[in-house]
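Naming: A, B, ... by sequence-line order, numbering from 1 per chain. Excluded from the calculations below are hydrogen atoms, water molecules and symmetry mates; all remaining heavy atoms, backbone and side chain alike, are included.
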Amino acid sequence: MMPVHANTVLIVAAVLFLLGLVGVLTRKNILFMLLSIEIMLNAAGLAFVAAGSKWQQPDGQVMFLFILAMAAAEVSVALALVLQIYHQYKTLDVDALKELRDK
Amino acid sequence: MQLLFYISSFIALLATVMVITRYQPIHALLYLVVSFLAVAMIFLSLGAPFVAVLEVIIYAGAIMVLFIFVVMMLNLDKETAAQERKWLTPKVWLGPSLLVLVLLGEMIVLLLKGNGSALPGTTVPPRAVALSLYGPYLIAVELAGFLLMAGIVGAAHIGQHKKKHLHRFLEEKSTIP
């Protein structure tokens, strides 16, 4: 059977990454923006694993493990921030967070 | 293996499109779990079984459960969905989507122009990953440990709630000690 082409996997990773980017750019709810960031991190990991699979080296999978650890740390801090924002502003709208706006 | 890759990548792309177009947060989360499971199948078809298992256990199992806990704690339901429907008008999403589509077109043209070779279908075993992780990448593993520690401390500090005092006398009394 014909094996998968390397560029096909990279195209899938690029489409996934850009879907996440569209999510970050268009959503106003901070929870959906966090979800879109998770999609982007996952797509970057897919590109790493595809590269590791192309050269038959374990480094791509090692990099995916580091992305995984980073995503776990990021999500825990970000969800704590989301809870605080909801308790203080009673909304998840990012446009409500304008304390630093120039007067 | 080729058929497996194409089916699972189609499912991943479809589920991701559903994630960024849903109004209810919990529906988006469940579609994202489907997307992660499909990406795990892609990893399996690329010959990376260890990473595929970790994707299911940590991404779809742990991180998404954290999100679901938060959605349930905040009690986001029909009101949030109605607000999202009001926010997500074509005027909002058309511009960014068109710009990103242009970027995607450029990327695909560049990827198709290059002479990429076919992937060798062999798997990289978990043993090789472990030997590489605890050999040349040992310092990065320790740094990841620092990062997780900082994440735990940061989440515990940010997540604690200060007690709210509705009366100013109570507030003054509580600030003295």
Side-chain angles (χ1 to χ4, degrees), chain A residues 1-12 14-16 18-23 25-29 31-32 34-36 38-39 42 45-46 49-50 52-54 56-62 64-66 68-77 79-84 86-87 92, chain B residues 1-2 5 9 12-13 16-17 19-20 25 28 32 36 39 42-43 46-48 50-51 54 58-59 63 66 70-71 74 84 87-88 92-93 96-97 100 103-104 107-108 111-112 114 116-122 124 128-129 132-133 137 140 144 147-148 150-152 154-155 158-159 161:
Chain A
M1 192 185 282
M2 232 180 72
V4 181
H5 218 255
N7 286 351
T8 319
V9 190
L10 287 182
I11 287 174
V12 171
V15 174
L16 277 177
L18 290 176
L19 281 175
L21 186 59
V22 169
L25 289 175
T26 57
R27 286 302 183 126
K28 275 176 80 179
N29 192 327
L31 204 68
F32 280 101
L34 274 178
L35 282 184
S36 305
E38 288 304 308
I39 295 171
N42 200 36
L46 177 58
V49 173
S53 165
K54 178 165 187 313
Q56 291 294 298
Q57 294 295 320
D59 303 279
Q61 299 190 38
V62 171
F64 183 81
L65 292 183
F66 291 141
L68 205 66
M70 196 268 292
E74 175 247 342
V75 158
S76 61
V77 174
L79 286 178
L81 280 173
V82 166
L83 287 179
Q84 281 291 342
Y86 193 77
H87 278 286
L92 288 179
Chain B
M1 275 316 202
Q2 200 189 10
F5 169 76
S9 56
L13 295 179
T16 310
V17 169
V19 170
I20 63 170
L32 192 56
F36 283 156
V39 172
I42 294 178
F43 287 159
L46 289 181
F50 182 57
V51 162
L54 279 185
I58 297 182
Y59 255 120
I63 295 180
L66 266 181
V70 169
V71 169
L74 298 184
E84 284 291 316
W87 281 342
L88 205 64
V92 172
W93 58 256
S97 304
V100 167
L103 286 180
L104 178 65
M107 185 102 184
I108 286 179
L111 280 176
L112 289 183
S117 54
L119 291 176
T122 54
V124 178
V129 178
S132 178
L133 189 65
Y137 286 101
L147 183 68
L148 286 172
I152 292 171
I158 294 171
H161 289 167

Does the side-chain contact (heavy atoms from CB on, under 4.5 Å) test come out yes or no for B:Phe43 and A:Leu46, once each step is laid out?
CA-CA 8 Å; B:Phe43 287 159; A:Leu46 177 58; 3.3 Å; yes
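If you measure heavy-atom distances from A:Leu34 to chain B, the contacts under 4.5 Å come from both the backbone and the side chain. Only the side chain of B:Val39 comes within less than 4.5 Å of a heavy atom in chain A; its backbone stays farther off. Contacts of A:Gln57 with chain B are made by backbone atoms alone, with heavy-atom separations under 4.5 Å and no side-chain atom involved. The part of B:Phe5 that comes within reach of chain A is its side chain, from C-beta onward, which places non-hydrogen atoms under 4.5 angstrom from that chain. Only the side chain of A:Leu21 has a heavy atom closer than 4.5 Å to any heavy atom of chain B. Using a 4.5 Å cut-off between heavy atoms, B:Leu111 touches chain A through backbone and side chain atoms alike. Of the atoms belonging to B:Leu13, heavy atoms from both backbone and side chain fall under 4.5 Å from chain A. If you measure heavy-atom distances from B:Ala48 to chain A, the contacts under 4.5 Å come from both the backbone and the side chain. Contact of B:Leu104 with chain A is made through backbone and side chain together, with heavy-atom distances under 4.5 Å. Looking at A:Gln84, the atoms closer than 4.5 Å to chain B (heavy atoms on both sides) all sit in the side chain, from C-beta outward.
Between chain A and the options B:Leu133, B:Ile108, B:Ile152, heavy-atom pairs under 4.5 Å are most frequent for B:Leu133. Among A:Met70, A:Gln56, A:Lys54, A:Glu74, the residue with the largest count of heavy-atom pairs under 4.5 Å with chain B is A:Gln56. Each of A:Val15, A:Val62, A:Leu81, A:Leu65 has some count of heavy-atom pairs under 4.5 Å with chain B, and the biggest count is that of A:Val62. No other option in B:Gly47, B:Ala150, B:Gly154, B:Ala128 has as many heavy-atom pairs under 4.5 Å with chain A as B:Ala128. Your options are A:Ser36, A:Ala6, A:Gly23, and the one with the most heavy-atom pairs under 4.5 Å with chain B is A:Ala6. By number of non-hydrogen pairs under 4.5 angstrom with chain B, the leading residue of A:Leu31, A:Val75, A:Leu19 is A:Leu19. Counting heavy-atom pairs under 4.5 Å between each of B:Ser97, B:Ala28, B:Ala140, B:Ala12 and chain A puts B:Ala140 at the top. Per-residue heavy-atom pair counts under 4.5 Å with chain B were compared for A:Leu92, A:Val77, A:Leu35, and the maximum is reached by A:Leu35. Among the candidates B:Leu147, B:Val92, B:Ile42, the residue making the largest number of heavy-atom pairs closer than 4.5 Å to chain A is B:Leu147.
Side-chain contact check for B:Leu112 versus A:Ile11: some heavy-atom pair is nearer than 4.5 Å. Considering only heavy atoms from C-beta on, B:Ser132 comes within 4.5 Å of A:Asp59 through its side chain. Side-chain contact between A:Glu38 and B:Tyr59: present, with at least one pair of heavy atoms (C-beta onward) separated by less than 4.5 Å. Here the side chains of A:Thr26 and B:Trp87 are not in contact, with every heavy-atom distance at 4.5 Å or above. By the 4.5 Å heavy-atom criterion applied to side chains, B:Trp93 and A:Val22 are not counted as neighbours.
Partners of B:Glu84 by side-chain hydrogen bond (donor to acceptor under 3.5 Å, both in side chains), not counting sequence neighbours, listed by chain and number: A:Arg27, A:Asn29. Annotation: side chain to side chain contact (heavy atoms under 4.5 Å, CB included) contacts of A:Leu83 (sequence neighbours excluded): B:Val70, B:Met73, B:Leu74.
Distance check, rounded to the nearest 0.5 Å: CG of B:Leu32 to CG of A:Asn42 gives 8.0 Å. Once rounded to the nearest 0.5 Å, the distance linking CD1 of B:Ile63 with CG of A:Leu79 reads 9.5 Å. Atoms CG and CD1, on A:Leu68 and B:Ile58 in that order, are 4.0 Å from each other to the nearest 0.5 Å. One distance of note links CG of B:Leu46 with CD of A:Gln61; it measures 9.5 Å at 0.5 Å rounding.
Minimum heavy-atom separation, A:Ala72 to B:Leu148: CB-CD2, 4.5 Å.
No donor-acceptor pair under 3.5 Å is formed between the side chain of A:Ser76 and the backbone N or O of B:Ala155.
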